[in-house]
Amino acid sequence: MIERYSEHDVSALWDDYNRLKVMLDVELAVCRAWCEMGRIPEDALEDIVSHAHFTVERVHEIEKKTQHDVVAFVSAVAENIGANGRYLHLGMTSSDILDTASSIMLRDSLDIVINALDELDEVVIELAKKYKYLPCMGRTHGIHAEPMSLGLRFLNWHSELLRDKGRLEYARKDISAGKISGAVGTYAMCSPELEARVCELLGLEPAKVSNQILQRDRHAAVLNALAVMGCTLERMALEIRNLQRTEVREAFEPFGVGQKGSSAMPHKRNPIKCERICGMSRLLRGYALTGMENVALWHERDISHSSTERVIWPDAFNVAAFMVRSMTKILGGLVVDEERVKENISMTNGLVYSQRVLTFLLDELKLSREDAYAIVQENAMKTASANGKVSFLELLLSDERLHDVVDEESLKNLFENDYYLRYVDEIFARFFEE
């Protein structure tokens, strides 16, 4: 991942040193388990634990000759141990150490993203509660629909983030698996008991069945959970971008002191942070696709997945953590123009109350659907074509078809925003104790 979008804690988790350190943790757990089972003498284990270390440079130096990263790693560690180094990697195949170590790193990476998601959700909840009773314009197809609560929009995001967290937690559970089953998964050189003990030491569950590797449906599920979360973040960012448009101007992402919107047009205040999130969500979907392509491998395995995973795993988690933390900053500094929000409801001179008028004519006045719809639609179209010169309510009040069946006060009462907020408390109560 390029430095511009790197998150320090994610990058540190996936750098060469930590990756090799986790592999060493797996190797030492195997040695401990072998010792408990009487295969490795206790004094040999003490020697291994005391002297098992490596340098990244030495591993890379050996790999240039061996052209095999695990062989290079084991050799670099064993040469520091001495004679007892022969017990290192006993009965194991390369994927035993690689896949078990990767499960640990993927699990820990998911913890980073889940914790960041919790912080984002806290900000979303604050916005939902702050704007719970603020009427705003609801839109479908980008067109004014009916008034709603601005807080309800944020509450909707909260609900989606909860589902994202659930998917990530399920993926975390699924990926927290290890395998020490040897070549093609037969336990020929080790035993299920050894595998179970190693996984216990590492905080993993042993795979119920494996072959040369842990099957990549687990890893695909991790990447898909990240990608779906990215879709949620994109949805949030896209909404802010639309609300910041010149024609709308209801909400704005933070704009720092000294920030410039354009090299040519000093007036510009562009939603670049949200646009960045929208762009990066495409990366997550691409990583997820690669993860799914890695599921089908030849027979008990090939290594066509390996090269892609070296790139997509650290990159995906850097992108995911960057996106979540960026959105937390955006929403933490979100500027809502409440007056503009209210003005936009009135922009169409009452047209947004058309369904309520239609329902009133049907329920209260008992008009036929054809007659009621014709009255509402005709006056709505006249209002829209009048370019603000006349309101929807005024046209309804002057419509002769309604003179003898409805009084003025009844019609005026239909044009109240509070009507559209009457169930907002009930909706919020589904998530919070009010």
Side-chain angles (χ1 to χ4, degrees), residues 7 9 110-139 147-169 225-226 228-245 248-257 259 269 271-278 280-281 320-345 417-418 420-434:
E7 292 294 300
D9 49 355
L110 282 165
D111 285 340
I112 291 174
V113 174
I114 290 170
N115 290 335
L117 200 66
D118 284 338
E119 294 177 4
L120 170 60
D121 196 35
E122 288 179 6
V123 177
V124 171
I125 290 171
E126 289 177 6
L127 288 170
K129 291 181 176 180
K130 180 178 181 180
Y131 296 111
K132 179 178 179 179
Y133 299 114
L134 179 63
C136 74
M137 200 60 248
R139 298 173 176 86
M148 60 178 289
S149 156
L150 182 60
L152 187 59
R153 181 174 289 149
F154 294 119
L155 185 68
N156 189 286
W157 293 358
H158 165 64
S159 180
E160 190 165 345
L161 289 173
L162 289 180
R163 294 193 295 277
D164 285 317
K165 182 179 178 180
R167 282 184 284 266
L168 292 171
E169 289 177 335
L226 291 177
V228 174
M229 182 198 71
C231 293
T232 296
L233 297 174
E234 181 179 15
R235 175 185 174 228
M236 296 162 65
L238 186 63
E239 179 67 18
I240 295 171
R241 288 171 58 192
N242 272 315
L243 293 178
Q244 188 163 329
R245 286 166 50 232
V248 182
R249 302 198 313 277
E250 291 185 9
F252 305 82
E253 70 174 40
F255 194 81
V257 176
Q259 183 175 339
R269 180 175 176 173
I272 58 168
K273 299 178 181 67
C274 288
E275 289 172 336
R276 184 182 299 136
I277 287 175
C278 289
M280 296 182 81
S281 69
F322 182 92
M323 290 173 66
V324 174
R325 289 167 175 167
S326 294
M327 182 54 72
T328 301
K329 293 176 183 177
I330 290 169
L331 294 182
L334 189 71
V335 178
V336 175
D337 187 337
E338 295 190 29
E339 290 304 314
R340 179 64 179 180
V341 170
K342 296 174 183 176
E343 288 174 9
N344 280 344
I345 297 178
N417 292 325
D418 288 347
Y420 297 91
L421 305 181
R422 57 187 176 145
Y423 290 118
V424 69
D425 285 331
E426 182 176 329
I427 299 172
F428 268 72
R430 296 171 185 172
F431 297 91
F432 316 108
E433 291 184 8
E434 298 298 330

Check: Asn156 side chain, Leu152 main-chain N or O, donor-acceptor pair, under 3.5 Å
no

Assess whether side-chain contact (heavy atoms from CB on, under 4.5 Å) is satisfied between Tyr420 and Ile345, documenting all intermediate values.
CA-CA 12 Å; Tyr420 297 91; Ile345 297 178; over 6 Å; no

Heavy-atom distance under 4.5 Å between the side chains of Leu233 and Asp164, does that happen here?
no

Between Gly138 and Met148, the two heavy atoms sitting closest are CA-SD, 3.7 Å

Show the nearest heavy-atom pair for residues Gly230 and Ser281, with the distance to one decimal.
O-CB, 3.6 Å

Within the side chain of Asn344, is there an N or O that forms a donor-acceptor pair under 3.5 Å with the backbone of Val248?
yes

Any side-chain heavy atom of Phe432 sitting closer than 4.5 Å to one from Lys129?
yes

Glu275 CD to Leu238 CG distance, which is reported to the nearest 0.5 Å:
10.0 Å

Could you tell me the separation between the CZ atom of Arg340 and the CG atom of Leu243, rounded to the nearest 0.5 Å?
11.5 Å

Identify, with sequence neighbours excluded, every residue that meets salt bridge (Lys or Arg N to Asp or Glu O under 4.0 Å) alongside Asp337.
none

Lys329 and Lys273, any side-chain heavy atoms less than 4.5 Å apart:
no

Arg422/Asp418 under side-chain contact (heavy atoms from CB on, under 4.5 Å): CA gap, chis, key distance, verdict:
CA-CA 6 Å; Arg422 57 187 176 145; Asp418 288 347; over 6 Å; no

Least distance between heavy atoms, Met137 atom then Arg139 atom
O-NH1, 3.3 Å

Can you name the nearest heavy-atom pair linking Glu160 to Arg167, along with the distance?
O-NH2, 4.5 Å

Kindly indicate, with the supporting measurements, whether the criterion side-chain contact (heavy atoms from CB on, under 4.5 Å) is fulfilled by Met229 and Val113.
CA-CA 10 Å; Met229 182 198 71; Val113 174; 3.8 Å; yes

Got a second to check how far Glu343's CD is from Glu338's CD, nearest 0.5 Å?
12.0 Å

Could you check whether any side-chain N or O of Thr232 sits under 3.5 Å from a backbone N or O of Leu161, counting only pairs where one atom can act as donor and the other as acceptor?
no

Got a sec, which residues hit salt bridge (Lys or Arg N to Asp or Glu O under 4.0 Å) with Arg241, two or more places apart in sequence or on another chain?
none

Note, Phe431 side chain near Ser159 side chain (heavy atom, < 4.5 Å):
yes

I want to check something: taking the side chain as every heavy atom from C-beta on, are Trp157 and Met327 in contact at a cut-off of under 4.5 Å?
no

Got a donor-acceptor contact below 3.5 angstrom from the Lys165 side chain to the Asp118 backbone?
no

Is the shortest side-chain heavy-atom distance between Arg276 and Ile330 below 4.5 Å?
no

Quick one: list whatever passes salt bridge (Lys or Arg N to Asp or Glu O under 4.0 Å) with Arg325, sequence neighbours left out.
Glu7, Asp9

Write down the atom of Ala237, the atom of Cys278, and the distance for their closest heavy-atom approach.
CB-SG, 3.8 Å

Hey, does Tyr133 have a side-chain heavy atom less than 4.5 Å from the side chain of Asp425?
yes

State the CZ-SG distance between Arg153 and Cys136, to the nearest 0.5 angstrom.
4.0 Å

Can you measure from CD1 (Ile112) to CG (Leu117) and round to the nearest 0.5 angstrom?
13.5 Å

Hey, could you give me the CG/CG distance between Leu155 and Leu150, rounded to the nearest 0.5 Å?
11.5 Å

Closer than 3.5 angstrom, by distance alone: can the side chain of Glu253 be matched with the main-chain N or O of Gln244 as a donor-acceptor pair?
no

Candidate pair Val124 and Met236, rule side-chain contact (heavy atoms from CB on, under 4.5 Å), full reasoning
CA-CA 10 Å; Val124 171; Met236 296 162 65; 4.0 Å; yes

Shortest non-hydrogen contact from Ile277 to Ser326?
CD1-CB, 4.2 Å

